[in-house]
2 protein chains.
Amino acid sequence: MAGPAKARRRQAAPVRREQLIRATIDELAKRGYADLTLADVAERAGLSRGIVNFHFDSKRKLLVETLRFMADEYAEFWHQALERAGLAPAERLWALVAADFDAEVCNRRKIAAWCAFWGEAKSRPIYREICGERDLIHSDTLRGLCRELVAEGGYEHDPDRVAEGLDALLEGLWLHLLFQSGTTTRETLYATAVEHLTIVFPEHFTPAGVLRRAGPPQT
Amino acid sequence: MAGPAKARRRQAAPVRREQLIRATIDELAKRGYADLTLADVAERAGLSRGIVNFHFDSKRKLLVETLRFMADEYAEFWHQALERAGLAPAERLWALVAADFDAEVCNRRKIAAWCAFWGEAKSRPIYREICGERDLIHSDTLRGLCRELVAEGGYEHDPDRVAEGLDALLEGLWLHLLFQSGTTTRETLYATAVEHLTIVFPEHFTPAGVLRRAGPPQT
DNA sequence: TCTGCTACTGTACGGTGGTTCAATAAGTTG
DNA sequence: CAACTTATTGAACCACCGTACAGTAGCAGA
């Protein structure tokens with residue numbers, strides 16, 4: 001009965017799994033979550049229809065693994081940015097914000113896929129769990145840096161509120177790339193984030209970058 | 001063949017349409033976009049299975065009308081808030097921000113429904129069109145107010161960047177209500193937005209509200 | 001009460017798409 | 001070159017759900 005027409009090169013399971021995950025992200029960005037079919041994913045990967053169930057058992061698991069992949073990738077990206085940055089909190093915060101607007105993570109394909117998952121996250125605990133845990137680390141890091149800057153610069157801000165605001169602003173700017181895609185570029189969004197930093201922490205940041213010597217508040 | 005068991009009170013078409021739209025929002029918040037079925041919507045409304053196709057022709061049109069309903073409702077809400085506010089730009093911006101955190105619009109049910117549509121918006125031009133047009137008016141209003149405040153207060157900010165940042169921050173805070181639903185309340189988010197306003201426009205705002213006499217910059 | 005219109009019901013149909021599985025090819029080991 | 005393992009195929013199956021539609025009931029006007 002079954003007569004495979006074309007003979008494909010076999011690949012180790014992990015290779016195929018990642019290939020299928022990437023195809024899934026592509027299709028999520030193109031068709032959206034609701035219209036995603038396994039046939040589309042398989043075709044995008046250049047493989048046959050049954051391939052996804054072979055490697056992932058079910059559509060549900062494929063999507064969970066895809067989200068996990070994206071979350072891991074993002075987490076590793078900003079962790080590496082932090083490692084490359086200096087020790088001064090101002091430099092670290094600057095690096096963290098800059099990382100969010102790197103083309104590696106801040107592009108339509110990835111953000112569209114993120115947004116597809118967010119749209120379903122409220123009704124699927126497993127998605128919230130995957131995002132939530134890592135988001136917590138990210139916002140904790142932001143909060144820690146904001147606290148240090150506030151103490152260092154003698155600002156009168158509530159550091160936790162500032163951190164939450166910055167976090168929200170970064171997410172909101174990502175969304176802008178999706179919706180005002182015609183008029184907005186990554187560079188514009190980054191400039192907005194930088195403007196925000198210079199307003200909130202004027203002792204530490206200028207549009208050109210981090211101030212070398214952020215002295216104590218002049219009193 | 002067909003034997004309707006229970007006899008229901010007839011209603012005028014517009015009444016039933018709105019009832020079905022509200023049921024759709026409920027189901028979007030509960031199950032998400034991808035798992036939404038017309039049977040669920042009908043059952044939630046307490047009506048029979050064929051009712052949606054009778055009033056909306058198709059699932060596609062029901063969803064479009066639902067999004068339009070939400071967009072109209074939100075637009076009217078903040079327009080009314082602006083009308084009730086005074087003439088001073090500071091008062092108007094304050095009112096606009098406060099409106100975003102009113103329980104009428106800032107609650108899990110509505111935001112979950114919004115987020116469901118955002119997740120699909122990238123792949124459906126009709127959704128982008130409906131949101132986009134109204135978002136444009138909203139962000140234009142924000143931009144106008146920010147320009148006035150910057151001029152009035154002698155700030156050195158780029159008003160357009162500040163407006164975009166504020167817009168992003170407001171959207172991002174909405175999302176936080178969905179994702180950190182356990183730890184975050186509407187009041188906390190509002191406090192964060194207020195903190196942001198007081199930092200960006202210290203000549204105009206304090207945590208307590210709008211400064212009555214926002215004088216020119218003291219030089 | 002008759003007539004007719006409009007709202008509404010519920011079954012049935014048909015397509016779509018996830019899942020299963022037997023068959024088979026590609027490597028791998030001995 | 002067997003014998004075996006693992007990856008891959010593609011067709012068949014089946015459940016689900018949107019849609020169509022024939023039938024029915026409420027209600028208004030005469």
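These numbers come from a predicted model, not from an experiment. Convention: sequence-line order gives letters A, B, ...; per-chain numbering from 1.
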Rounded to whole angstrom units, what separation is found between the CG atom of B:Asp40 and the P atom of D:dC16? 12 Å
Just checking B:Ala13: base, sugar-phosphate only, or nothing, at a heavy-atom cut-off of under 4.0 Å? sugar-phosphate
Rounded distance in Å - CD1 (B:Ile51) to P (D:dC21): 17 Å
Below 3.5 Å, can you tabulate the donor-acceptor pairs from side chains in residues 166-175 of chain B to any protein atom, sequence neighbours excluded?
| residue | atom | partner | partner atom | Å |
| --- | --- | --- | --- | --- |
| B:Trp174 | NE1 | B:Asp100 | O | 3.0 |

For nucleotides 16-20 of chain C, give me every protein contact, N/O to N/O, under 3.5 Å, one pair per line with atom names.
| residue | atom | partner | partner atom | Å |
| --- | --- | --- | --- | --- |
| C:dG18 | OP1 | A:Leu36 | O | 3.4 |
| C:dG18 | OP1 | A:Lys59 | NZ | 2.8 |
| C:dG18 | OP2 | A:Leu38 | N | 2.9 |
| C:dG18 | N7 | A:Arg49 | NH2 | 3.1 |
| C:dT19 | OP2 | A:Asn53 | OD1 | 3.4 |
| C:dT19 | OP2 | A:Lys59 | N | 2.9 |

By ring-ring contact (aromatic ring centres under 6.0 Å, His included), which residues pair with A:Tyr33, not counting sequence neighbours? none
Atom CG of A:Leu47 and atom C1' of C:dA26: how far apart are they, to the nearest Å? 14 Å
Nucleotide C:dT9, atom P - distance to CD of B:Gln11 in whole Å: 11 Å
Sequence-distant partners of A:Arg60, side-chain hydrogen bond (donor to acceptor under 3.5 Å, both in side chains), two or more places apart: none
Lys/Arg cation over aromatic A:Phe56: A:Arg17, 6.0 Å, 45° cone: yes
Whole-Å gap separating P (D:dT24) and CZ (B:Arg10): 16 Å
Rounding to an integer number of Å, can you tell me how far A:Arg17 CZ sits from D:dA7 P? 11 Å
Does A:Glu43 have any salt bridge (charged side-chain N to carboxylate O under 4.0 Å, His left out) partners at least two apart in sequence or in another chain, and if so, which? none
Here the ring-ring contact (aromatic ring centres under 6.0 Å, His included) pairs for residues 123-143 of chain B, sequence neighbours left out, are B:Tyr74-B:His138, B:Trp78-B:His138, B:Phe117-B:Tyr127
